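The structure appears right after this line, and notes come after that.
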Amino acid sequence: MAQQQGGGNETKGIATRAEDYSQWYLDIVKRAELAEHSAVRGCMVIRPQGYAIWEKLQRELDDRFKATGHVNAYFPLFIPLSFLAKEEQHAAGFAKECAVVTHHRLKSLDGKVQVDPESKLEEPLVVRPTSETIIWNQYKNWIQSYRDLPLLINQWANVCRWEMRTRLFLRTAEFLWQEGHTAHATEAEAREETLRMLGVYADVAEHVMAMPVVQGAKSEGERFPGAVESLCIEAMMQDGKALQAGTSHFLGQNFAKASEVQFLSKEGKLEYPYATSWGVSTRLMGALIMTHSDDAGLICPPKLAPIHAVVVPIYRKDDEKAKVLEEAGKVCAELRAKGLAVKLDDRDLHPGAKYYEWEMKGVPLRIEIGPKDLEKGSLCLVRRFAIEQEGESEAEQRKRKKSFVARAEALASVPALMDEMQAQLLERARNLRARRTRVLDSLAEFEAWFKGEDDGGFAWVHWAGGRAEEEQMAERFKTSIRCIPLEGQYPAGAEGPGTCLLTGKPSARRVVMAKAY
RNA sequence: CGGGGCGUAGUUCAGCUUGGUAGAACGCCUGCUUUGGGAGCAGGAGGUCGUGGGUUCAAAUCCCGCCGCCCCGACCA
């Protein structure tokens with residue numbers, strides 16, 4: 001193991017995926033300095049390394065929102081309790097995980113600063129778990145005519161869901177996200193919007209995060225509270241479990257009715273607009289980590305890497321140092337001129353220490369420059385990862401990641417190398433998912449796979465059960481319907497009707513079942 | 001909410017059973033030697049031991065209360 005050095009590795013090593021997948025994930029988050037626990041239960045601190053990735057992800061998403069006609073706005077953090085209560089299903093769905101503000105003042109009592117009991121709010125304020133109700137309350141003022149539609153708004157915000165159990169990035173009490181809230185004159189238009197934004201999410205997942213996803217609809221039991229239909233993208237993590245990576249909901253007229261929003265149509269009729277809402281969160285950071293990283297640390301796709309390449313100078317004596325640093329500076333400048341983010345690591349540390357650190361932090365490319373390179377006019381390029389080959393030793397793989405290339409050629413090759421690594425990561429993730437995907441027709445096969453040692457994966461199975469049957473599957477196998485895939489999402493041989501593996505009833509199409517985060 | 005664990009230096013932890021001057025490793029700072037896969041030596045800085053009370057000549061240690069965090073499970077748009 002690369003990280004097992006010099007015997008006492010307690011403070012240096014991280015758990016391997018094979019040993020303890022869950023611990024491995026936590027180790028990466030911590031050691032790559034992406035995030036850490038705060039003093040507040042369930043709330044994390046996103047550190048600069050992690051936030052830089054989130055910012056790039058935000059940019060990719062935001063550009064696409066703008067390109068599809070949306071604009072950004074901002075609504076309050078606090079939602080009056082009565083607003084949340086307006087849509088019954090919605091309120092019930094979030095009731096168990098709300099933070100509530102009940103007072104507005106502190107007071108020194110018995111020498112201690114405490115909540116002033118006399119400052120009780122007339123109406124409690126809920127810290128938004130999602131913003132449909134407060135936004136639609138505002139839309140009431142903005143929508144009167146069909147000419148006001150469609151209304152296409154997105155908000156970047158933090159939300160709070162008082163989860164019983166939290167995990168860094170994957171489920172935290174407070175998290176960052178974006179939530180799009182749109183209003184449309186017709187159902188068809190709103191449904192089209194729901195699909196369009198799901199497509200945007202799938203595009204970002206695959207082509208920015210290099211993370212393949214299945215696009216589909218949620219079953220009734222997994223639907224967003226208040227939605228008519230919930231669409232989602234589901235990704236597979238390296239342990240075979242599913243992670244819901246984004247959702248796009250068709251809300252029908254539920255919120256318009258709850259907030260009494262109506263508009264006059266072209267025909268002069270008073271109508272309720274149709275709504276959508278869609279969101280992705282900092283959970284995507286967890287997805288990114290668990291999709292690509294290895295036992296040496298984070299692997300970050302070039303499109304999201306805050307640093308594309310790190311330059312590590314190598315020298316012995318002062319005169320060597322001066323020459324090497326001069327060359328390193330030039331190399332950095334030339335790469336930056338190509339639009340790459342390059343870091344010169346000239347700290348007074350041994351090169352090996354820097355290698356381990358930047359590998360842990362997931363920088364795609366390392367460039368070593370030493371006296372030998374100056375002499376030969378070459379650069380040493382070391383990729384963060386190489387596609388695994390069967391039967392290959394670690395030493396062999398390490399060698400394959402490293403290449404000595406003539407200076408000009410090396411510099412010219414970097415942009416293409418980034419594209420290549422981006423593509424390889426997607427391919428690698430696709431292959432991994434394919435290895436853990438099965439089209440199954442019997443409960444016996446299903447049971448064997450999910451009760452086996454490796455937790456199964458994505459099972460494409462025929463399904464005609466209802467909520468009760470879903471719960472039965474959850475109890476027996478800890479699996480759930482991740483989604484009912486959209487047309488075009490089905491792998492070869494999985495299309496068409498069949499019979500439900502549990503009930504034996506006829507089924508129109510297969511669904512994806514898996515264990516989930 | 002159930003089960004388990006933990007709160008002592010920046011971090012990870014030892015010390016607690018059997019009360020008696022606050023410890024280690026890593027990290028950090030300084031100097032010298034080093035630098036192509038986690039450097040070595042020497043010196044140094046750094047802690048009201050989570051919190052409130054009790055027992056005692058004396059409490060990190062024993063007793064009682066409280067608070068907080070982590071992990072596993074239940075739950076989870």
Side-chain angles (χ1 to χ4, degrees), chain A residues 1-13 20 22-23 26 30-31 36-44 87 89-98 110-112 128-132 159 161-168 170-173 175 177 179 218 221-227 230-232 244 246-249 251 277-281 283 296 312-318 320-321 324 345-360 366-375 378-380 382 394-395 398-399 401-402 404 474-475 478 480 516-517:
Chain A
M1 301 292 129
Q3 75 278 10
Q4 314 260 328
Q5 290 291 320
N9 66 316
E10 288 84 356
T11 58
K12 289 181 176 174
D20 186 344
S22 175
Q23 186 60 46
L26 290 170
K30 191 176 174 196
R31 295 282 310 285
E36 62 192 26
H37 292 288
S38 71
V40 185
R41 188 205 78 101
C43 294
M44 64 177 167
E87 216 289 339
Q89 295 288 319
H90 189 68
F94 285 104
K96 283 186 284 184
E97 47 188 54
C98 288
D110 307 325
K112 264 194 235 167
R128 63 181 164 215
T130 180
S131 303
E132 277 77 5
V159 286
R161 296 183 187 178
W162 212 264
E163 303 284 356
M164 299 220 174
R165 198 180 147 216
T166 58
R167 301 189 69 191
L168 290 172
L170 298 176
R171 179 171 296 109
T172 46
F175 55 91
W177 78 345
E179 46 183 326
K218 282 295 181 196
E222 301 256 334
R223 199 174 286 156
F224 177 75
S230 287
L231 303 181
C232 64
Q244 178 177 304
T247 49
S248 183
H249 313 290
L251 304 173
S277 72
W278 29 272
V280 295
S281 72
R283 172 180 257 201
V312 178
I314 294 155
Y315 46 78
R316 282 189 200 84
K317 295 172 183 156
D318 280 352
E320 251 175 24
K321 181 176 176 178
V324 166
D345 188 353
D346 57 358
R347 291 174 301 169
D348 184 20
L349 291 172
H350 280 240
K354 297 177 185 176
Y355 300 166
Y356 281 103
E357 181 178 330
W358 294 114
E359 274 167 15
M360 181 62 70
R366 179 173 80 234
I367 302 174
E368 300 172 20
I369 304 176
K372 288 178 201 164
D373 302 297
L374 292 190
E375 219 173 276
S378 67
L379 294 173
C380 175
V382 188
E394 211 166 299
R398 180 178 277 192
K399 198 171 171 188
K401 286 188 262 193
K402 198 167 194 166
F404 296 89
E475 248 173 64
K478 296 192 172 175
S480 54
Y517 273 91

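Chain letters run A, B, ... following the sequence lines, proteins first and then strands; every chain starts at 1. These numbers come from a predicted model, not from an experiment.
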Minimum-distance nucleotide to A:Tyr356 side chain [options: B:A74, B:U34, B:G38]: B:G38
Cation-pi check, A:Arg366 onto A:Tyr355 ring (under 6.0 Å, within 45° of axis): yes
Between B:G37 and B:U21, how far apart are the C1' atoms? Round to whole Å, please. 45 Å
Answer for the Watson-Crick or wobble partner of B:U11, both distances under 3.5 Å, is B:A25
May I ask you to say what A:Gln23 touches in the nucleic acid, namely base, sugar-phosphate or nothing, with a heavy-atom cut-off under 4.0 Å? nothing
Applying the 3.5 Å cut-off to both distances, the Watson-Crick or G-U partner of B:C62 turns out to be B:G54
Given the P atoms of B:G20 and B:C49, what is the spacing between them in whole Å? 15 Å
With a non-hydrogen cut-off below 4.0 angstrom, is A:Gly370 in contact with a base, only sugar-phosphate, or nothing? base
Does B:G68 have its OP1 or OP2 closer than 4.0 Å to a side-chain nitrogen or oxygen of A:His37? no
For B:G36, the nucleotide meeting Watson-Crick or G-U wobble distances (both under 3.5 Å) is none
If I pick the C1' atom on B:G38 and the same atom on B:U34, what distance separates them, to the nearest angstrom? 15 Å
Per atom distances to the A:Lys402 side chain, the nearest of B:A74, B:U35, B:G37 is B:G37
Determine the Euclidean distance between corresponding P atoms of B:G40 and B:G15; express it in Å to zero decimal places. 27 Å
Using whole Å, report how far NZ of A:Lys354 lies from P of B:A39. 11 Å
RNA chain B nearest-nucleotide lookup for A:Arg283 and A:Lys30: closer to the 5′ end is A:Lys30
Below 4.0 angstrom, N of the basic side chain to O of the carboxylate: do A:Glu357 and A:Arg347 qualify? yes
So what does A:Lys321 hit on the nucleic acid, given a heavy-atom distance under 4.0 Å: a base, only sugar-phosphate, or nothing? nothing
In Watson-Crick or G-U wobble terms, with both distances under 3.5 Å, the base opposite B:A42 is B:U30
Taking the side chain of A:Met164 as heavy atoms from C-beta outward, which of B:A74, B:C76, B:G37 is closest to it? B:A74
Where the side chain of A:Pro351 is concerned, which of B:G37, B:A74, B:G36 is the nearest nucleotide? B:G36
Against the side chain of A:Arg41, the closest entry in B:C70, B:U35, B:C76 is B:C70
What integer distance in Å separates A:Leu349:CG from B:G38:P? 13 Å
Looking across every strand, which nucleic acid part, if any, lies under 4.0 Å from A:Pro129 by heavy atom: base, sugar-phosphate, or nothing? nothing
Quick check: do A:Arg41 and A:Trp162 have side-chain heavy atoms less than 4.5 Å from each other? yes
Going by purine N1 to pyrimidine N3 plus the second Watson-Crick contact, or the G-U wobble pair, all under 3.5 Å, which nucleotide sits opposite B:C6? B:G68
Let me know the distance between CZ of A:Arg31 and P of B:C26, rounded to the nearest Å. 15 Å
Does any donor-acceptor pair link the side chain of A:Glu359 with the base of B:G38 at a separation under 3.5 Å? no
Can you tell me how far C1' in B:A74 sits from the matching atom in B:G3, rounded to whole Å? 11 Å
Taking N and O atoms by type only, does the side chain of A:Arg366 place a donor or acceptor under 3.5 Å from a partner on the base of B:G37? yes
Select base, sugar-phosphate, or nothing to describe what A:Ser22 touches, counting heavy atoms under 4.0 Å on all strands. sugar-phosphate
A:Gly221 near the nucleic acid: base, sugar-phosphate alone, or nothing, with a heavy-atom cut-off under 4.0 Å? nothing
Side chains of A:Met44 and A:Thr166 in contact at under 4.5 Å (non-hydrogen atoms): no
Are A:His350 and B:U35 close enough that a side-chain N or O sits under 4.0 Å from OP1 or OP2? no
May I have the distance from A:Glu368 (atom CD) to B:G38 (atom P), rounded to whole angstrom? 12 Å
When the P atoms of B:U18 and B:G2 are considered, how many whole Å apart are they? 31 Å
Between B:G31 and B:U11, how far apart are the two P atoms, rounded to whole Å? 26 Å
Nearest-angstrom distance, C1' atom, B:G5 to B:A22: 25 Å
